[in-house]
Amino acid sequence: YVVYPKRPIDHDAMAAQCAFGINNGNHGSTLRFIRHGLPILACPMHVEQELNTRVIEQQGFGIRLDLNQPHRFRESIERLRATCISDALS
């Protein structure tokens, strides 16, 4: 399910309930997802996010989704679940 917070949330508590994280490749949520062992679907929008996303992929922490290809969202989630989540559980 998707969480739409109405007030500030405890990100660590939220991460504990997730199977994976989706972000734009920013530093804060990327490090939080890694700390909690969550695979990441990164959708970078700016240069620094692109650089972080390259590291996410190179280190096996997750995969990227180009925002110009929203039709690939479901496929990307399935690939993330099949590869990164099974690797994280090993």
### Pair listing, salt bridge (charged side-chain N to carboxylate O under 4.0 Å, His left out) test, anchored in residues 15-25, at least two apart
none
### Message
Taking atom NE2 as the centre, does His27 end up with more than 12 heavy-atom neighbours from other residues, nucleotides or ligands that are less than 6.0 angstrom away?
### Response
no
### Task
For the residue pair Ile34 and Ile40, establish whether any side-chain heavy-atom pair is separated by less than 4.5 Å.
yes
### Query
Considering all heavy atoms of both residues, which atom of Ala19 and which atom of Pro39 are nearest to each other, and what is their separation?
O-CD, 3.5 Å
### Summary
Here the gap from Leu41 atom CG to Asn23 atom CG, rounded to the nearest 0.5 Å, amounts to 8.0 Å
### Query
Taking all non-hydrogen atoms of both residues, which atom of Leu38 and which atom of Gly21 are closest, and how far apart?
CB-N, 4.3 Å
#### Entry: Euclidean distance, Ile63 CD1 relative to Ile56 CD1, rounded to 0.5 Å
11.0 Å
### Task
List, by chain and then residue number, the residues other than Leu51 in its hydrophobic cluster (Ile/Leu/Val/Met/Phe/Trp/Tyr, side-chain heavy atoms under 4.5 Å); write none if there are no others.
Val47
### Task
For Asn24, enumerate each residue passing the side chain to side chain donor-acceptor pair (under 3.5 Å) test, keeping only those at least two apart in sequence or located in another chain.
Asn26
### Query
Does any pair with a residue in residues 42-54 pass salt bridge (charged side-chain N to carboxylate O under 4.0 Å, His left out), and if so which ones, sequence neighbours excluded?
Glu50-Arg54, Glu50-Arg64
### Message
Walk me through whether Ile22 and Phe73 qualify under side-chain contact (heavy atoms from CB on, under 4.5 Å).
### Response
CA-CA 11 Å; Ile22 301 174; Phe73 182 77; 3.8 Å; yes
### Task
Spell out, as yes or no, whether a donor-acceptor pair under 3.5 Å connects the side chain of Glu75 to the backbone of Arg72.
no
### Spatial distance of atom CG (Asn52) from atom CG (Leu31) [nearest 0.5 Å]
8.0 Å
### Message
Give me each pair satisfying salt bridge (charged side-chain N to carboxylate O under 4.0 Å, His left out) with a member in residues 27-45, each pair once, sequence neighbours excluded.
### Response
Asp12-Arg32, Asp12-Arg35
### Query
Got Phe20 and Ile77 here, is their nearest side-chain heavy-atom distance under 4.5 Å?
yes
### Task
Sequence neighbours left out, what passes side chain to side chain contact (heavy atoms under 4.5 Å, CB included) with Leu67? Give chain and number order.
Cys43, Met45
